[in-house]
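What follows is one structure encoded as structure tokens, with my remarks underneath.
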Amino acid sequence: MKNSSSKTLNYVVYLVLVIGFLALLSGTLRELPAEKYSERDFLTYHNELLTPEEISNGAKPKPFDEKNGFSRYRTSVMELDLTQGEVYGIYAENFTYATKVFVDGKVLYEGGRVADNKEEYIPKTGTFTVYFTADEHTQIVIQRCNFDHARWSDFSFSMDKQEVITRNAQLRMFKSLAIIVFLFTLGLINLGMFAGMHERRQYLWYAMSCFSILLNIALTNPKLMMTVLPNLNWFIGHRIESCSLVLTGAFLILFVHDCIEKPKWKLLNIADYVLICGSLLYFVLLPVSIYSRYVLYLGIAAAVYGVIYFIYYLLWLIKNRASVKPVKRLYLIGILIIVSAVTMGAVHLSTPFLLATNIGLTVFEVIMTLAMAMEFRDIQKAYETSKGNEEQLRRMNESMEQGLELQKNFISIMNHEIRTPLTVIAGYSELSARELESRGENDEELIRSLQYIKQEALRLGRIVEQSDIAARSELALTTMEEIALEQLFKEAQTFCEPICEKRSNRIVTECAKGLSLKGYHDSLIQLLYNLIINASRHTEAGTIRLCAEKDESAVTVSVSDNGDGIDEATALHAFEKGFSGDGGSGLGLAICKEIAEGHQAEIFIGNNESGGTTVRTVFPV
């Protein structure tokens, strides 16, 4: 079973590497050189929708100053000298709002409905490829209108011979499709991991981030979503595109919190909710014409926020570098890559930077998936180790219980057998003294000796009685020694870590150097084992803290967690043998109490103010 799981995990890693390589390779495939044209290459008629006939008849552009106004509709015209009779193609991705394209007087593309008023205007977006046969002089006329956004997005397109445009258009679609398939595969893989380990919520958050990035890429150039759903409402599509970015950020924040550690800066946690919820409401409730004014600034704010997160975790890594596992360093590298990618996309909205953003996202997804696969493998190994340790701990508890029971029975029987002849000796001594007195034989020395025999027999009987009481504590402290608590904590941590890892718990120790107490080593280590395992059983993705403190009269050893806590009714009976609040054997805490009492210590259990439970054992100095 173990070998089969390891092989499956290896196949997953290989699959991620292969698909990631293909996705990255697709992004580097070179397109054939083609002529590029943008809106700046055209002569523009502001606030006019002119037909090719009207332009050919000599219509002149009206004076217009964009600084003092905003043209909601416009006509752009350009004339080219192309090879007559050659078939040319036009490939465009970023024609949005309503657009109509004429070539030599013929309508080759119409997206939405072009109008000079908002009532008749219907926006639409999409990618298109059209072909035409060039005349001696080729005229291209583009009508556009925009009654929604606060500013225009300049259009651009590629125009060249048919075979060049066809290949480039297919290649652009292939690149986008490769990344979408890659993200979809990663999402399914991580959902599968989450299905197998529900307590590892980071797999769910990561899968959801893959799907939300996938959705955003499908809605942006070259707009594959429009190919699948050509009648998708422009307003709905635009809101989904914006919200998918916000959700991606939200899922990635949750992912980082579960993978590394939730920030202790309360202000940063509050900012998470404010930024995410505020952004969603911003895009869902406000009209497009309003939220489009400041969307660039919102992107820059998100990039700055990502930089703050990266700095926070970088400081965290420097502070905890000795105990941080390599996989968490990979997570930090992933954060740096995603922050860089988003920053480039937010500050530079040109095609090369958007391409770099997509490549950055792909690299991020590959690194994160490999990091989680490594962590999944470590968890699998820890799970196998924990099963062996738990079985060992169970046998140790059973063995100690049986040994204590045999010890108690042996001492009780021995004490009973000793107490009986001692009672007889005391009784006959008293009878002998009375017999001598009744006969009138006043041998004071003999009577005094018989009284001494009686007194010593009674004293020895009391000692036997006390040893029987001590036997009931079910602990024999025959080899008391000075025990260093720091070393004792390390032994307990090493043994219990694999068991705790199964529920994503970690063990932290706090003990001053040189702090020690006198006791029985095996019993004290057993006490810590039981308390740690019990804490882990009621805690998920939390911290179990071992702490030792000393004052003038006592050494206090505490085991605390931040788990479910304990109710008052359960706390009252927690140390009773056979009682269990969670369906266990009811031996663990009972043995802890016996060990504590055997050291003349007191043991207490209670809830923490911040949540979870603490068990304190107070050893007198």
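Hydrogens, waters and symmetry mates play no part in the numbers below; they use all other heavy atoms, side chains included.
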Review point. What do the steps show when you test Asn534 against His538 for side chain to side chain contact (heavy atoms under 4.5 Å, CB included), and what is the final call?
Key: CA-CA 7 Å; Asn534 190 67; His538 297 88; 3.8 Å; yes
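- In this structure, Glu241 has no salt bridge (Lys or Arg N to Asp or Glu O under 4.0 Å) partners at least two apart in sequence or on a different chain.
- Residues satisfying the side-chain contact (heavy atoms from CB on, under 4.5 Å) criterion with Arg545, sequence neighbours excluded, are Val508, Glu510, Thr543, Ser560.
- Phe184 CZ: 12 or fewer foreign heavy atoms inside a 6.0 Å radius.
- Here the straight-line distance linking atom CG of Leu546 with atom SG of Cys496 works out to 8.5 Å at 0.5 Å rounding.
- Looking at every heavy atom in both residues, Ser558 comes nearest to Arg616 through CB-CG, 3.8 Å.
- Judged as a salt bridge (charged side-chain N to carboxylate O under 4.0 Å, His left out), the pairs with a partner in residues 201-210 (not counting sequence neighbours) are, in order, Arg201-Asp258.
- Here CZ of Arg74 is found 13.5 Å from CD of Gln143. Values are rounded to the nearest 0.5 Å.
- Ala98 and Gly112 get closest at one heavy-atom pair: CB-C, 4.5 Å.
- Atoms CD1 and CG, on Ile253 and Asp272 in that order, are 4.5 Å from each other to the nearest 0.5 Å.
- Under the side-chain contact (heavy atoms from CB on, under 4.5 Å) criterion, Ile180 pairs with Ser176, Leu214, Ile217, Ala218, Leu224, not counting sequence neighbours.
- Atom SG in Cys243 sits 9.5 Å away from atom CG in Leu281 (nearest 0.5 Å).
- Although no hydrogens or angles enter the test, the distance criterion places a donor-acceptor pair under 3.5 Å between the side chain of Ser244 and the main chain of Ile240.
- When each of Lys36, Arg172, Glu93 is checked for a side-chain hydrogen bond (donor to acceptor under 3.5 Å, both in side chains) with Ser158, only Lys36 meets the rule.
- In this structure, Cys210 and Phe251 have side chains that are not in contact, with every pair of non-hydrogen atoms separated by 4.5 Å or more.
- Of the possible polar contacts, one joining the Ser279 side chain to the Leu275 backbone as a donor-acceptor pair under 3.5 Å is found.
- Contact detail for Val130 and Tyr109: the closest heavy-atom pair is CG1-CB, 4.3 Å.
- Applying the ring-ring contact (aromatic ring centres under 6.0 Å, His included) rule to Tyr73 yields no partners; only residues at least two apart in sequence or on another chain are considered.
- Checked by atom type and distance alone, the side chain of Thr614 never pairs as donor or acceptor with a backbone atom of Gly606 at under 3.5 Å.
- Judged by the 6.0 Å distance and 45° axis criteria, Arg239 is not positioned over the aromatic ring of Trp234.
- Taking Ile122 as the reference, Arg113 meet the side-chain contact (heavy atoms from CB on, under 4.5 Å) condition, with sequence neighbours excluded.
- For Glu31 and Lys175, the salt-bridge test passes: some basic side-chain N is under 4.0 Å from an acidic carboxylate O.
- Under the rule for a ring-ring contact (aromatic ring centres under 6.0 Å, His included), the partners of Tyr305 that lie at least two apart in sequence or sit in another chain are Tyr309.
- Contact check for Thr99 versus Val114: no side-chain heavy atoms found under the 4.5 Å cut-off.
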Review point. Can you list the steps and then say if Arg40 with Asp154 is a side chain to side chain contact (heavy atoms under 4.5 Å, CB included)?
Key: CA-CA 8 Å; Arg40 297 176 183 178; Asp154 291 342; 4.3 Å; yes
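- Residues Asn608 and Thr613 are not in side-chain contact: their nearest non-hydrogen atoms beyond the backbone lie 4.5 Å or more apart.
- Arg144 and Thr96 get closest at one heavy-atom pair: NH2-O, 3.8 Å.
- Val246 is not listed as a side-chain neighbour of Tyr282, based on a closest heavy-atom distance of 4.5 Å or more.
- Within the 4.5 Å cutoff, side-chain heavy atoms of Ser153 are placed close to those of Tyr97.
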Exercise for review: Give the intermediate values and the outcome of side chain to side chain contact (heavy atoms under 4.5 Å, CB included) for residues Asp148 and Arg72.
Suggested key: CA-CA 9 Å; Asp148 291 300; Arg72 287 295 179 180; over 6 Å; no
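- Across all non-hydrogen atoms, the minimal contact from Leu232 to Gly237 is CD2-CA, 4.0 Å.
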Could you pull out all donor-acceptor pairs under 3.5 Å where a side-chain atom in residues 290-303 meets a protein atom, sequence neighbours excluded?
| unit_1 | atom_1 | unit_2 | atom_2 | d |
| --- | --- | --- | --- | --- |
| Tyr291 | OH | His238 | ND1 | 2.8 |
| Ser292 | OG | Ala150 | N | 3.2 |
| Ser292 | OG | Val288 | O | 2.8 |

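- In terms of modelled atom types and a separation under 3.5 Å, the side chain of Asp41 and the main chain of Ser38 share a donor-acceptor contact.
- The CG atom of Leu215 sits 11.0 Å away from atom CG of Leu183, with the distance rounded to the nearest 0.5 Å.
- Counting heavy atoms from C-beta outward, Phe211 and Leu191 have side chains that approach closer than 4.5 Å.
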Exercise for review: Decide side chain to side chain contact (heavy atoms under 4.5 Å, CB included) for Asn607 and Asp567; before the verdict, give the C-alpha distance in whole Å, the side-chain angles of both, and the deciding distance to 0.1 Å.
Suggested key: CA-CA 8 Å; Asn607 287 318; Asp567 58 77; over 6 Å; no
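- Here the SG-CD1 distance, from Cys500 to Ile533, works out to 5.0 Å after rounding to the nearest 0.5 Å.
- Looking at Leu268 and Ile308, their side chains come closer than 4.5 Å, going by heavy atoms from C-beta outward.
- No hydrogens or angles considered: nothing links the side chains of Asn505 and Thr539 as a donor-acceptor pair under 3.5 Å.
- Applying the ring-ring contact (aromatic ring centres under 6.0 Å, His included) test to Phe155 and every residue at least two apart in sequence or in another chain returns Phe42, Phe95.
- Phe255 and Tyr206 have tilted rings, their planes meeting at an angle from 30° to 60° on a 0 to 90° scale.
- Annotation for Tyr312 and Pro263: closest pair OH-CA, 3.2 Å, computed over non-hydrogen atoms.
- Crowding of Leu285 atom CG: a count of heavy atoms from other residues, nucleotides or ligands under 6.0 Å exceeding 12.
- Here the side chains of Asn190 and Gln202 are not in contact, with every heavy-atom distance at 4.5 Å or above.
- With sequence neighbours excluded, the residues that form a salt bridge (Lys or Arg N to Asp or Glu O under 4.0 Å) with Lys100 are Glu110.
- Applying the salt bridge (Lys or Arg N to Asp or Glu O under 4.0 Å) test to Arg167 and every residue at least two apart in sequence or in another chain returns nothing.
- Contacts of Glu120 classified as side-chain contact (heavy atoms from CB on, under 4.5 Å), with partners at least two apart in sequence or in another chain: Ala115, Asn117.
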